[in-house]
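Each remark here refers to the structure printed beneath this line.
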2 protein chains.
Amino acid sequence: MLDATSSYKPMGPRIPVTVTVADRTGHRIVPETTRRTDRFPGSRYGNRPTMKDVAARAGVGLKTVSRVVNGEPGVTPETERRVQEAIDALGFRRNDSARVLRKGRTASIGLVLEDLADPFYGPLSRAVEEVARAHGALLINGSSAEDADREQELVLALCARRVDGLVVIPAGDDHRYLEPELKAGVATVFVDRPAGHIDADVVVSDNFGGARDGVRHLIAHGHRRIGFIGDMPRIHTAAERLRGYRTAMEDAGIPVADGWMSLGVTDPERVRQAAREMLAGPEPVTAIFTGNNRVTVTVIRVLAEHARPVALVGFDDIELADLLQPGVTVVAQDAAALGRTAAERLFRQLDGTLIAPERIELPTRLITRGSGELPPAD
Amino acid sequence: MLDATSSYKPMGPRIPVTVTVADRTGHRIVPETTRRTDRFPGSRYGNRPTMKDVAARAGVGLKTVSRVVNGEPGVTPETERRVQEAIDALGFRRNDSARVLRKGRTASIGLVLEDLADPFYGPLSRAVEEVARAHGALLINGSSAEDADREQELVLALCARRVDGLVVIPAGDDHRYLEPELKAGVATVFVDRPAGHIDADVVVSDNFGGARDGVRHLIAHGHRRIGFIGDMPRIHTAAERLRGYRTAMEDAGIPVADGWMSLGVTDPERVRQAAREMLAGPEPVTAIFTGNNRVTVTVIRVLAEHARPVALVGFDDIELADLLQPGVTVVAQDAAALGRTAAERLFRQLDGTLIAPERIELPTRLITRGSGELPPAD
DNA sequence: TAGAGCCTGGACAACGTTGTCAGCCCGGGG
DNA sequence: CCCCGGGCTGACAACGTTGTCCAGGCTCTA
């Protein structure tokens with residue numbers, strides 16, 4: 001599934017060895033079949049004690065240990081004490097892999113996002129984690145790096161682990177590969193972007209409305225030549241924001257010139273170049289609408305070196321935006337709310353409270369800080 | 001272990017049911033014992049097919065399916081085709097829980113950090129994830145929220161899942177609870193802060209040297225009344241940075257006045273207040289050294305409203321620092337390098353390449369942008 | 001004092017997979 | 001004609017836990 005590059009073999013062979021242990025009376029010595037040892041050759045290692053070992057040491061039955069470990073009733077305080085003592089002495093820790101196998105649920109959910117390092121996903125992940133924690137579940141996550149194959153690989157790896165649910169920020173646009181999983185009961189919620197060719201819960205921001213309002217804001221401040229720099233339109237959010245831009249312009253009766261739009265550039269150097277081109281020429285733009293936080297930051301840099309003041313509204317809030325000169329006006333989406341809403345919906349699916357998939361759209365908020373209120377300078 | 005707040009029971013009971021299936025000849029009908037069903041009452045659900053089901057459908061033995069699934073040699077192309085067909089038809093996906101139980105390794109590592117949403121940890125997580133991915137392992141992570149109990153709870157939950165290794169950014173200062181785990185062979189690396197009362201690998205930044213150099217920088221630019229605002233000294237990094245400040249001042253023969261230091265305030269409002277106090281009074285500081293990114297941001301806000309220019313050097317880089325007026329001079333640490341180094345060490349432990357725990361210190365870098373080069377204004 | 005019922009504890013199977021090992025079939029050599 | 005070897009295949013046990021169910025001992029009551 002994933003490629004390894006060293007001698008670490010996640011699932012290596014084992015060497016069977018015969019050892020002897022005292023039975024629970026402490027008297028007889030019985031041979032035990034294949035016990036694992038030498039699991040970490042050349043390094044510190046050791047065998048983990050099992051409930052059986054604890055039972056033997058405490059002089060009780062296996063199930064009694066299980067009862068103590070899980071706080072089930074029906075164990076004498078004296079017995080419980082002996083078991084607890086053995087647990088502490090051996091450093092026993094329940095093996096949840098076995099538990100999961102038996103119980104059918106893993107108490108963990110998977111989160112697949114685009115890039116853990118992107119500041120937009122930090123609060124989102126955190127929100128998902130908080131909800132998961134409140135429900136007693138752990139979070140397994142991975143970055144798709146905006147690659148559909150890698151997304152699928154990750155999702156399927158998570159399904160193989162039998163996560164109870166999945167929160168996915170899709171990179172690809174076809175999720176039919178998830179059909180068997182959905183049928184098998186894996187709760188699934190898509191966030192930030194909709195799922196492709198599949199009927200599933202979706203939580204997104206109002207990308208269209210937000211962008212439209214941001215551009216309208218610029219128009220309201222007298223701009224007519226407004227540039228748009230955004231991501232590849234195959235990314236749903238980018239397409240929606242572009243649509244918002246077009247709609248606002250059209251509603252205002254402003255025809256969009258060819259040179260005003262830059263789509264699909266992400267590399268900072270090329271964004272820089274695109275911005276410069278819009279600002280040059282005979283009819284330069286007097287305002288720019290940027291399609292995401294990374295583009296916004298790059299454009300801010302370009303505008304800082306530019307002679308004439310140029311108005312700017314960006315999609316996504318950025319830290320310190322209020323301290324720049326001028327402050328950066330943005331259309332902010334609530335990343336934490338996206339994550340929280342998605343995760344809560346996920347657990348409601350697991351509850352059985354939810355039946356039909358739904359699409360939830362969270363509002364965006366225009367935050368005016370100065371850059372979007374600059375008048376056209378021409 | 002963790003508290004639940006809804007009816008989602010990660011490990012619910014099951015209802016045994018008797019069903020019948022055709023055997024692999026397709027003729028006889030044999031009854032099968034307790035099969036799970038109705039696992040997700042009131043919601044979409046389904047039983048996941050197992051290798052046994054695939055084997056029955058393909059008319060082959062269980063082990064043959066296993067061989068096909070794992071790409072083991074010794075299966076006729078024709079047999080393989082039949083098995084593959086059954087796999088696709090049933091939507092079979094190997095259950096890694098069972099696999100883990102059998103093989104002893106989970107191909108997953110745990111990452112415990114302070115706050116997923118903190119921009120400092122984004123690149124760190126991402127770097128750990130990249131290394132894990134290169135080794136075929138998944139990443140399970142959680143936030144300790146700077147709470148020692150929660151850290152322990154998380155770490156132990158991860159150990160119960162039998163992660164192969166742990167990367168921990170410690171919140172607590174006593175990690176003896178990890179001793180049984182270490183002995184059992186759980187590879188462990190502490191990052192950003194050292195472990196307490198335990199002998200383990202540690203990867204940290206040169207907090208002391210970085211802070212000392214930052215303060216020296218201010219002194220070199222003529223400052224003598226220099227303030228320090230940092231986190232609680234019980235956090236190792238905070239203590240080290242404080243030590244760097246003290247050392248630089250001492251080396252320069254400058255006695256530190258009481259009002260110049262603010263320790264342990266994190267709440268933005270109180271940081272703001274602390275900064276204002278340093279800047280007021282008869283002998284106000286002419287420069288401030290801030291102990292982490294959050295404090296730096298807050299202090300920048302205070303200085304923006306302040307009449308006289310005040311020099312500033314902050315620990316940790318912040319985005320857009322170069323675009324502020326003046327640009328913010330910082331002591332930058334390489335979060336990605338911390339994560340990468342730690343994760344690589346982790347896998348070398350698992351390789352068996354590493355024997356003795358070590359402490360690795362990564363250098364910091366002073367980035368001058370203007371705010372640290374302002375002369376004293378008094 | 002005997003019987004009913006409760007409390008405690010343990011034997012056993014099952015979860016879904018993989019390692020071991022033995023058996024089958026086929027072809028070739030003695 | 002028989003035996004041997006190699007290539008495929010499948011039966012079976014084991015991984016560590018939990019659910020079921022039963023046994024034994026105790027208490028309580030009639």
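Here is how names work: the chains are called A, B, and so on, in the same order as the sequence lines, proteins then strands, and each is numbered from 1.
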Nearest to the side chain of B:K103 - C:dT18, C:dT17, D:dT17? C:dT18
Measure the distance from CD on B:E78 to P on D:dT9 and round it to the nearest whole Å. 10 Å
Going by an N to O cut-off under 4.0 Å, is there a salt bridge joining B:E181 and B:R162? no
With a 4.0 Å cutoff (strictly under), does any side-chain N or O of A:R94 reach OP1 or OP2 of D:dT18? yes
Rounding to a whole Å, what distance do you find between B:R99:CZ and D:dT17:P? 20 Å
Roughly how many Å is it from CG in A:L62 to P in C:dA14, rounded to a whole number? 16 Å
Report yes if some heavy atom in the side chain of A:I109 is under 4.5 Å from a heavy atom in the side chain of A:L139; otherwise report no. yes
Can you tell me which nucleotide in D:dT17, D:dG10, C:dC15 comes closest to the side chain of A:L101? C:dC15
Are the side chains of A:I87 and A:Q84 in contact, using a 4.5 Å heavy-atom criterion? yes
What I'd like to find out is whether the side chain of A:L156 reaches to under 4.5 Å of the side chain of B:R93, using heavy atoms alone. yes
Would you kindly give the NZ-to-C1' distance between A:K52 and D:dC15, to the nearest whole Å? 11 Å
Without decimals, in angstroms, what is the distance between A:N70 CG and D:dG19 P? 8 Å
Mapping A:R67 and B:K63 to their closest nucleotides on DNA chain C, which lands nearer the 5' end? A:R67
Could you check how far CZ of B:R105 sits from P of D:dG16, rounded to whole Å? 15 Å
Lys/Arg-Asp/Glu bridge criterion (N-O < 4.0 Å) met for A:E85, A:R82: no
What's touching nucleotides 6-8 of chain D from the protein side, N or O pairs under 3.5 Å?
residue, atom, partner, partner atom, Å
D:dC8, O3', B:T76, OG1, 3.0

Does A:S97 reach the main-chain N or O of B:L101 with its side chain, forming a donor-acceptor pair under 3.5 Å? no
Protein-nucleotide distance (A:M51, atom CE; C:dA11, atom P), rounded to Å: 16 Å
Do A:L166 and A:L178 touch side chain to side chain, with heavy atoms closer than 4.5 Å? yes
Please tell me if A:S66 has a side-chain N or O lying less than 4.0 Å from either OP1 or OP2 of D:dT18. yes
Atom-pair distance (CG on B:N95; P on D:dG16), nearest Å: 17 Å
Closest nucleotide among C:dT17, D:dT17, C:dG9 to the A:T64 side chain: C:dG9
